[in-house]
2 protein chains.
Amino acid sequence: MGEMSRTDPPGAGRSGRIGIGLQLDATHLKILEVLREHGRISVAELAERVGISRANAYTRFEALRADGVIKRFTLEVDHVRAGLGITALIFVTVRQQMWKQFRAQLAQMPEVEYCAITTGQHDAMIQVRMSDVAAVHAMVTDRLANIPAVKATETVFILDEVLHRPYVLPSDQPARTATTPRPEPRRREPVPLGKMRFVGAAEGRATLQRD
Amino acid sequence: MGEMSRTDPPGAGRSGRIGIGLQLDATHLKILEVLREHGRISVAELAERVGISRANAYTRFEALRADGVIKRFTLEVDHVRAGLGITALIFVTVRQQMWKQFRAQLAQMPEVEYCAITTGQHDAMIQVRMSDVAAVHAMVTDRLANIPAVKATETVFILDEVLHRPYVLPSDQPARTATTPRPEPRRREPVPLGKMRFVGAAEGRATLQRD
DNA sequence: GTTGAAATTAGTACGAA
DNA sequence: TTCGTACTAATTTCAAC
């Protein structure tokens, strides 16, 4: 089988994309739904589950890869059994104009599973998995605190992961209700006061710069 | 190929596990490292990359599955190309003693990619992917606000995902420095004041209940 | 834990609808 | 585009070392 595709996806890896990409139809989504749960089944079995011919499955499968919709195949592990049973979220306040260094430092931290730049009170959220809580403490105080770009951190622990889907698809979106149609008239129901709160970006965040 | 393993992992799916699980050695970790990047390669090629015989690779591969360390094979998609370019985090305050309903409701929301119970100011964090910001708004006001267990929400948007590893492994952990050895003497360096802040659980969280 | 050979399955190429 | 089939190549399984 080799690697299933020797050719590198044309636009993969680049952030700015040139082509518009292929339009996903229901069959494409079905393929992604099946592969989400069974990323290692053969294309023949994939075709059977989706209800298309094998040749068609090969064509679409390769198209999804070539177009970059499918980035890579991977797997899910049981973190506890893998020896890293403690998960923590670290919210980071980044010193402005040091974003580049912040990103560079993070790239060298293999213990970080996820990092995203966010709006709101903090600037970034980091998710780490550790063997014990002491390791989290060490991570925050020794590793993160030594990064000049890090101004402050706030750590919370994850007590339980209720659900964790590899990804969601447009087909997972609930049908827009009558009360919330598409982006046309900009008027919606009055929101129960004090129940919801959107948090905008902190000042000076417009200076967000890549690399 | 079929599904690579017809036998169901013994302890998979159950939360409380009976067996202790197998002890992962360096070879196991290497296997997981390779599969993390190339979840679809053949076991033959896996053996070659890890540097072991094929039969050995089959044995260990199956052991990792049977023991539940490997939960399932999946893939990564480009969310933008898949049509869901907006990612948001919704921090939820849950009405105490309604955790069970909260979990039940979430299970019926396929648009939620991730949900974890956390310590700190809020009770849970939800990650969603949507086609546009209006959809996030609709999600929060129509879907979440209708859940009685949800007392309040706070939404932040993800501006950029700096890095996203499928999972981290013990072999990804940086070597414990001399300043931070293993959990023995409980004394560490003084932490730069005001730089770090751990946030404990809100009051009444001890009532956390499953299902 | 390793190697080698048989049996099965996967991937490719092609013409037809 | 999609389907069906035949051909080729690779993978898994099983046996012996």
Side-chain angles (χ1 to χ4, degrees), chain A residues 1-10 12 19-75 169-171, chain B residues 1-10 21-75 81-83 171:
Chain A
M1 183 206 292
E3 178 97 359
M4 182 58 51
S5 171
R6 274 82 171 182
T7 59
D8 288 346
I20 313 162
L22 81 170
Q23 198 66 18
L24 301 183
D25 59 20
T27 305
H28 287 120
L29 293 179
K30 190 79 187 293
I31 290 174
L32 293 176
E33 284 176 26
V34 173
L35 289 177
R36 173 169 55 183
E37 301 289 330
H38 310 280
R40 236 183 123 86
I41 60 172
S42 66
V43 181
E45 189 168 339
L46 173 65
E48 197 174 340
R49 294 198 189 214
V50 175
I52 56 179
S53 70
R54 288 197 296 168
N56 193 1
Y58 275 105
T59 303
R60 288 169 173 273
F61 183 91
E62 187 51 39
L64 286 171
R65 278 205 58 120
D67 201 70
V69 178
I70 295 178
K71 286 160 71 179
R72 65 173 161 182
F73 294 90
T74 181
L75 49 87
L169 295 170
S171 52
Chain B
M1 183 202 295
E3 176 97 1
M4 183 59 49
S5 170
R6 273 83 172 183
T7 59
D8 288 346
L22 79 172
Q23 198 67 17
L24 302 183
D25 59 18
T27 306
H28 287 120
L29 294 178
K30 190 81 187 293
I31 290 174
L32 293 175
E33 284 176 25
V34 172
L35 289 176
R36 173 167 57 182
E37 299 290 329
H38 310 280
R40 241 183 118 86
I41 60 172
S42 66
V43 180
E45 189 169 339
L46 173 65
E48 197 175 341
R49 293 199 189 214
V50 175
I52 56 179
S53 70
R54 286 173 303 176
N56 194 358
Y58 276 104
T59 303
R60 289 169 174 272
F61 183 91
E62 187 51 39
L64 286 170
R65 279 205 58 120
D67 200 70
V69 179
I70 295 178
K71 286 160 70 178
R72 66 173 161 184
F73 294 89
T74 182
L75 48 86
R81 287 172 198 244
S171 51

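Letters A, B, ... are given to chains in the order of the sequence lines, protein chains preceding strands, and every chain is numbered from 1. The structure displayed is predicted, hence computed values, not measured ones.
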What is the distance, to the nearest angstrom, from the CD1 atom on B/I41 to the C1' atom on C/dA10? 16 Å
Phosphate oxygens OP1/OP2 of C/dT9: is one of them under 4.0 Å from a side-chain N or O of A/S42? no
To the nearest Å, how far apart are A/R65 CZ and C/dG11 P? 12 Å
Both A/R54 and A/A57 contact DNA chain D. Taking the nearest nucleotide for each, which residue is further toward the 5' end? A/A57
Mind checking if B/A55 touches a base, just sugar-phosphate, or nothing, with heavy atoms under 4.0 Å? base
Using modelled atom types only, decide if a donor and an acceptor are shared between the side chain of A/R72 and the backbone of B/L75 within a distance under 3.5 Å. no
Between the side-chain atoms of B/R60 and the base atoms of C/dG1, is any donor-acceptor pair under 3.5 Å? no
Quick one: A/R40 CZ to D/dA10 C1', roughly how many Å, whole number? 14 Å
Spacing of B/N56 atom CG relative to D/dC14 atom P, expressed in whole Å: 17 Å
Between A/E62 (CD) and C/dA10 (C1'), how many Å, whole number? 15 Å
Under 4.0 Å from OP1 or OP2 of C/dG1: is there any side-chain N or O of B/S53 that close? no
Using a distance-only test with no angle check, is there a side-chain donor-acceptor pair under 3.5 angstrom linking A/E37 and B/T74? no
Ignoring backbone atoms, establish whether A/Y58 has a side-chain N or O less than 4.0 Å from OP1 or OP2 of C/dT12. no
What is the distance, rounded to the nearest whole Å, between atom CD of A/E48 and atom P of D/dG4? 12 Å
If I take atom CZ in residue B/F61 and atom C1' in nucleotide C/dG1, what distance separates them, rounded to the nearest angstrom? 19 Å
Evaluate the side-chain proximity of A/V50 to A/N56: yes if any heavy-atom separation is below 4.5 Å, no if none is. no
Whole-Å distance, B/E45 CD to D/dT12 P, equals 10 Å
Please walk me through it: do A/H28 and A/R60 pass side chain to side chain donor-acceptor pair (under 3.5 Å)? CA-CA 7 Å; A/H28 287 120; A/R60 288 169 173 273; 3.2 Å; yes
Within the side chain of B/D25, is there an N or O that forms a donor-acceptor pair under 3.5 Å with the backbone of B/T27? yes
